[in-house]
Structures are given as C-alpha cells and as structure tokens.
Amino acid sequence: MIDHVDYTKGYFYVRGKSYASLSTKRSGKTVTLTSTTKVYSPEKWGKVNYNPKVKFQVKSGSKWKTIKTVTAKKGKAAYKVKTKGKKIYRVTFSQVSWATGATSKSVKR
C-alpha cells in the first residue's frame with residue numbers, strides 16, 4: 001500500500017472555538033449586561049481573551065432584537081439598559097476567518 005499526499009490543494013485554516021458568556025446585575029431600573037468573550041488558542045494551549053463586536057440582544061416575542069453592538073476590550077464588553085420589567089437577554093457575535101461565532105446562554109433579569 002502506498003500513501004499518497006496531494007500537495008495541489010493549497011492551504012486550509014482551522015477556526016479557533018469561541019466562547020461567550022453573559023452576566024447581569026440590576027440596580028433599580030438599570031440592568032448592567034456584561035459579556036465575557038474568549039477564543040481557544042492552540043499556541044497558548046487554552047482560552048484567551050477575544051475582542052469581537054458583541055451584539056447585546058433582548059427577546060422580543062419569539063425573536064431576538066439587537067439593542068447595542070459593542071467592541072469588546074480585553075475580552076469584556078458592557079452595556080447598561082433601563083427597563084421596568086424582567087426581560088431575557090443574550091450576547092452573540094459572528095464568526096471570522098480564524099474564529100467561530102458564539103452565543104451566550106440567555107439570562108432573565
């Protein structure tokens with residue numbers, strides 16, 4: 001049996017897996033949403049901070065509505081929203097050439 005390697009196909013890239021989480025804090029009518037974003041780095045053998053454009057979303061009926069887009073710094077992004085009742089929030093960001101997209105679990109606050 002002969003192993004054959006095809007060198008004509010060029011290159012391919014493996015996307016690093018990304019992670020998104022959301023924490024919330026309420027103070028009166030203001031809810032502070034804080035996202036943490038990380039991406040797996042093979043060189044560092046683990047997850048490192050990642051700075052994508054994070055979309056803060058609120059559930060409106062059965063759909064998700066983007067309320068603010070913030071670029072993360074050092075893997076963190078925050079947004080304050082004034083609201084009376086409890087609402088359901090999440091954060092999400094899109095994939096890029098070298099990293100997957102991710103969506104956090106939804107949080108009711």
Side-chain angles (χ1 to χ4, degrees):
M1 189 172 135
I2 300 170
D3 285 338
H4 176 70
V5 180
D6 186 352
Y7 292 103
T8 63
K9 295 293 181 206
Y11 298 94
F12 70 93
Y13 294 95
V14 177
R15 283 191 182 96
K17 181 155 171 55
S18 300
Y19 302 86
S21 64
L22 176 66
S23 60
T24 61
K25 205 155 126 186
R26 180 184 277 277
S27 175
K29 289 181 183 173
T30 304
V31 175
T32 303
L33 308 170
T34 306
S35 79
T36 303
T37 49
K38 295 196 176 282
V39 64
Y40 182 79
S41 167
E43 299 92 49
K44 298 272 197 309
W45 293 86
K47 297 176 195 172
V48 295
N49 289 339
Y50 176 41
N51 302 320
K53 280 190 175 171
V54 174
K55 290 179 185 169
F56 288 95
Q57 297 184 324
V58 64
K59 195 154 197 186
S60 175
S62 62
K63 295 205 169 121
W64 288 98
K65 190 175 123 190
T66 299
I67 49 175
K68 185 73 175 175
T69 302
V70 179
T71 302
K73 288 190 177 75
K74 293 183 184 172
K76 299 256 186 217
Y79 179 61
K80 287 185 180 185
V81 58
K82 284 197 185 339
T83 178
K84 290 182 192 128
K86 283 194 171 182
K87 291 198 163 82
I88 300 172
Y89 301 95
R90 74 176 187 183
V91 290
T92 186
F93 55 88
S94 302
Q95 80 174 16
V96 291
S97 61
W98 56 275
T100 65
T103 300
S104 70
K105 288 180 181 170
S106 50
V107 177
K108 190 172 188 175
R109 178 65 78 163

Residue pair [X] / [Y], side-chain heavy-atom distance below 4.5 Å:
| X | Y | value |
| --- | --- | --- |
| Y79 | V54 | no |
| T83 | R109 | no |
| L33 | V81 | yes |
| W64 | I88 | yes |

Do you know the tightest heavy-atom contact between [X] and [Y]?
| X | Y | answer |
| --- | --- | --- |
| V58 | K87 | CG2-CD, 3.7 Å |
| V39 | A99 | CG2-CB, 3.9 Å |
| A20 | V91 | CB-CG2, 4.3 Å |
| F93 | Y50 | CE1-CE2, 3.5 Å |
| A72 | T37 | CB-OG1, 3.9 Å |
| A78 | V70 | O-CG2, 4.2 Å |

Cut-off 3.5 Å, side chains only: do K76 and T36 have a donor facing an acceptor?
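Short answer, yes.
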Kindly say whether [Y] contributes a backbone atom to a donor-acceptor pair with the side chain of [X] at under 3.5 angstrom?
| X | Y | answer |
| --- | --- | --- |
| T100 | S18 | yes |
| T66 | K55 | no |
| R26 | G28 | yes |

Which residues pass the side chain to side chain donor-acceptor pair (under 3.5 Å) test with K53, sequence neighbours left out?
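So K53 forms no side chain to side chain donor-acceptor pair (under 3.5 Å) with any residue.
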Using side chain to side chain donor-acceptor pair (under 3.5 Å) as the criterion, point out the one residue from K74, K38, K73 that pairs with N49.
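One option only clears the test, and that one is K38.
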Quick check on the hydrophobic clustering: are W98 and V48 connected, directly or via other members, by side-chain heavy-atom contacts under 4.5 Å?
yes
Euclidean distance, Q57 CD relative to R90 CZ, rounded to 0.5 Å:
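Output value for this atom pair is 4.5 Å.
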